[in-house]
Amino acid sequence: MNSKQIRQTFLDFFASKDHSIVASAPMIVKNDPTLMFTNAGMNQFKDIFLGNSPAKNARVADTQKCLRVSGKHNDLEEVGHDTYHHTMFEMLGNWSFGNYFKAEAIDWAWELLTGIYKIPVEKLYVTVFEGDEKDGVPMDSEAMGYWRKHLPEERILKGNKKDNFWEMGESGPCGPCSEIHVDIRDDQEKLKIKGRDLVNEGHPLVIEIWNLVFIQYNRKANGQLEELPARHVDTGMGFERLCMVIQNKQSNYDTDVFQDVITRLGYLAGRKYGSNEKADIAMRVIADHLRAIAFAITDGQLPSNNKAGYVIRRILRRAVRYGYTFLDFRKPFIHQLVAVLAENMGGAFPELIRQQDLVINVIREEEDSFLKTLETGIKMLDGIIEDTKKKDHTDVNGNVAFELYDTFGFPLDLTELILREQGLTVNREGFELAMEAQKNRSRSATQLETGDWIELQQAEGDGFVGYDTLEAKIRINRYRKVKGKKGEFYQLVFNTTPFYAESGGQVGDSGSIEANGIKTEIFDTVKENNLTVHLTRQLPENPGEDFTAVVNSINRRLTENNHTATHLLDHVLREVLGKHIEQKGSYVSPDSLRFDFNHFQKVTDEELNRIQKKVNELIRTNDQKDELREVPMSVAESMGAIALFGEKYGDQVRVIRFGDSVELCGGTHVKATGTIGQFIVISEGSISAGVRRIEAITGSKAEEYVENQLKALKDVSILFNNPADLKGAVDELFTKYHLLLKQAEAFEKENAVKLKKELLQQVEIIHGINFLAQQIKVENSAVIKDIAFQLKGEVENLFLVLAAEIDGKANIHVMISDNLLKEKGFNAGSIVRDLAKSVNGSGGGQPFYATAGGKEPSGIPVLIQNARRLLNSQG
RNA sequence: GGGGGAUUAGCUCAGUUGGCUAGAGCGUUUGACUGGCAGUCAAAAGGUCAUCGGUUCGAUUCCGAUAUUCUCCA
């Protein structure tokens, strides 16, 4: 069976058991401060387990794209070195939300593995929870009973709390779990040591493939467990491992999931997989990371320099690094593997095919820039090596290596590798110390203390009512205090709210809540998981009473203008630039709107002009808003609604239509497009390879902008006495100005030459030296400098002192011919300092030329005398 | 969110105790050579040294702020 069949078989099997098959949620998580990426199959169902929202289907199955690169599950540094760790992987899972429980979950798992996938029974082991006295949980004899039907006692093992009791977090839903392990060692190995002794012992060939979690408890904040009324099943089976087992391989990377990519990579590198240990590691790293990056990009997460985007960038760089070091790639190569990946996985994940060009371009650009980073790093390292050797040291200062890593992004392992070739090492201790200091700095800067939720009441409410009203009677259900570096604030959760929480690019509402004539300001509204959280600096005096919540309507209206304009822009972009346009991000605030989209060239001025014009036409058409709140996804699709990759939609979606523009959207919009007034593009630019950004303003902001522009234009026009052709007038002035400037320069030069000629007449010979000391009249010191250098070129044996009064200050220049410096030991710097005493100033410069300034120009004649005396005394 | 770096000619970059009237290579323009293409040689043009402020006799260089950007940590 190939991997495509294996995946499909899983889904078909559970469909036949009345499960509804759902799509994978995006790998990039939004609206959850505790999680950056989806790291387990259950993530998208978290709200159901927490009881925040009801389950739409009691039985569900899917394959979920997961990424484990940060936080609790951080496998990044392991990947490639063994044969089974991955950054991105697929988790096959089936769920029961208060529906079936242990019996069915166990029976079906067994049926699928042994009956359909035909995995030999004698390779399998299962585990059940042994119980825990402290928690008062007995051994899971129920599960044990069901397993006994399928396999002999000696293949059923008891596991401890660490392996066989699953918890989501410190508190919340939890329960015992049963794991299915498989022993894929060869017979010889099996004779030496029994498989059952290797279960959960970290052996690469005796591995867990399926975890069946039975959620039946809730852990309270005080640590106690209570029975849940509704019991759930949550299972997860690693797809790549499953393929390895079914295809009789001993490494995930030997399955067809990875082999296509590895083969292609081998071709590009001119090496064969399996012929060299280090090269093999590199090839595994690259094959794995390619998937993570490609899927992240199609989910809308581009590599960038912070947060999730930065994690993606780091993964890509790790891949480039391995390719650079062990496969000798010096030019971008990873992007050349995208086509193979798309062919392999595009069936199950169509976004890969649809966005293939974008993925290739983004990866290539990233590779390019990192290879450049490596190049400059290597140059710097060369300097460091030279330095170290000069000092006769054998190890490089840890701080230096850290700077290379921290500031210039040059990886430590590469530093060490290159140093080793030179017989040098890095002082690891110093490096780690510097790293620790950096971490401490960051930690102390981001410390956020979150207090416990304080439950006030459980008032029933209508949730979000802000589509229809900006004012509502509300009650505060719970609140908590959050302490950050910038001070403290409170998070409030209402039963009903007219406040829109930041999402879909639209900023959160601000406003106030009021009781007994006392207002409490709400400065922002955000979403945490599915909760709408209102932020305030101050807690109302009596938080339990009734409030009137009022949204800042001015800002809301301005924001709506911009949001609707964004939809119109999206629509027009497809019309003007082509159907390939897809939203890659957007930001809608009261002040302006920002829209990012994939497009591979600069949007020309002419196109930009047409875009702006068309949007304004649509505004004037004054299309009425057509808002459909609860539409089945399939209906929305048939309406031609634009959906976003990387966005998770429910079965029921909200559709916003203005004329031909139809989008799935949760944001707030104007009643009719005419309200927007006017749309003006402020800028167009690139934010990354293949992604462009348009910024625009609307309504009163646009009006203000036009007014300012017109006023500026008018002001300029008045300066020119309102000419018929303003541009022509400015052009003419400009030309004249340049001409005059040239003439003035020429004049100045001429004067300087004249002055120089006069000065040449004044040269005297003192002790065989051509001496000249004069006060001259010039406009700026650059002219004196020019004259001094000219004289130096024309007069040998020169000792020159020029002084001038410029802007009420003395300006002194001393120039001495090179031969005199040696012969007479002159130093212009010390001479000028000495002379400057007469004008109450100081100065310095090089031995042959120095300048000084002084506050008392009246001393210049004395200064000239002193210069003469100085030379006389040299006799 | 915090730390560190970068910003010099159209492009890629040099330019360390603050003073060398700001440089190189590529590119551009012009001229010469060759029957043309191409090439070789010669010359020229091109810079508010990111912006604003400060220290100084003097700032591309030192200090502060801002902008843009890279990078590491969270």
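Per chain, numbering begins at 1; letters A, B, ... match sequence-line order. If you're wondering where the values come from, they're calculated on a predicted model, not measured in any experiment.
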Legend entry - Distance between P atoms of rC13(B) and rA50(B) (Å, rounded): 15 Å
Legend entry - Pairing nucleotide - rG36(B), Watson-Crick or G-U, each distance under 3.5 Å: none
Inset, instruction - Could you tell me whether the side chain of Leu412(A) reaches within less than 4.5 Å of the side chain of Arg428(A), counting heavy atoms only? - result: yes
Legend entry - Comparing Tyr405(A) and Gly854(A) on RNA chain B - which has the more 5′ nearest nucleotide: Gly854(A)
Legend entry - Base-pairing mate for rA42(B) - Watson-Crick or G-U, with both contacts under 3.5 Å: rU30(B)
Inset, instruction - Check if the side chain of Glu403(A) and the base of rG5(B) share a donor-acceptor pair of N or O atoms closer than 3.5 Å. - result: no
Inset, instruction - Choose from rC70(B), rC73(B), rG5(B) the nucleotide whose nearest atom is closest to any side-chain atom of Ser442(A). - result: rC73(B)
Inset, instruction - Please determine, for the side chain of Arg317(A), which listed nucleotide (rU21(B), rU71(B), rC73(B)) has the closest atom? - result: rU71(B)
Legend entry - Pairwise C1' distance for rA42(B) and rU56(B), with rounding to whole Å: 44 Å
Legend entry - N/O donor-acceptor pair, side chain Asp406(A) with base rG3(B), under 3.5 angstrom: yes
Legend entry - Ionic contact status for Asp596(A) with Arg692(A), cut-off 4.0 Å: no
Legend entry - Salt bridge Lys481(A)-Glu488(A), side-chain N to carboxylate O under 4.0 Å: yes
Inset, instruction - Just name whichever nucleotide pairs with rU66(B), Watson-Crick or G-U, keeping both distances under 3.5 Å, else none. - result: rA50(B)
Inset, instruction - Report yes or no: is the cationic atom of Arg317(A) (NZ for Lys, CZ for Arg) closer than 6.0 Å to the six-membered ring centre of Phe370(A), at no more than 45° off its axis? - result: no
Legend entry - C1' gap between rC26(B) and rA45(B), integer Å: 16 Å
Inset, instruction - For nucleotides rC70(B) and rC62(B), find the distance between their P atoms and express it as a whole number of Å. - result: 23 Å
Inset, instruction - Kindly confirm whether the side-chain ring of Phe789(A) is stacked on the base of rU21(B), judged by centres under 5.5 Å and planes under 30°. - result: yes
Legend entry - Mate of rA9(B) where both pairing distances stay under 3.5 Å, Watson-Crick or G-U: none
Inset, instruction - Indicate, yes or no, whether a donor-acceptor pair under 3.5 Å links the base of rG58(B) to the side chain of Thr851(A). - result: no
Legend entry - Any strand: nucleotide that pairs with rG18(B) via Watson-Crick or wobble, under 3.5 Å: none
Legend entry - C1'-based separation of rU66(B) from rA22(B) [nearest Å]: 26 Å
Legend entry - Base-pairing mate for rU56(B) - Watson-Crick or G-U, with both contacts under 3.5 Å: none
Inset, instruction - Remember a base hit wins even if backbone is also touched, and classify Gly409(A) as base, sugar-phosphate or nothing at under 4.0 Å, heavy atoms. - result: sugar-phosphate
Legend entry - Between rU30(B) and rA38(B) - P atom distance, rounded Å: 13 Å
Legend entry - Residue whose nearest RNA chain B nucleotide is more 5′ - Ala810(A) or Thr373(A): Ala810(A)
Inset, instruction - Indicate yes or no for a side-chain donor-acceptor contact from Arg330(A) to the backbone of Tyr324(A) under 3.5 Å, with no hydrogens or angles considered. - result: yes
Inset, instruction - Give one of base, sugar-phosphate or nothing for Arg313(A), where a contact means two heavy atoms less than 4.0 Å apart. - result: sugar-phosphate
Legend entry - Asn827(A) side chain near Phe848(A) side chain, heavy-atom distance below 4.5 Å: no
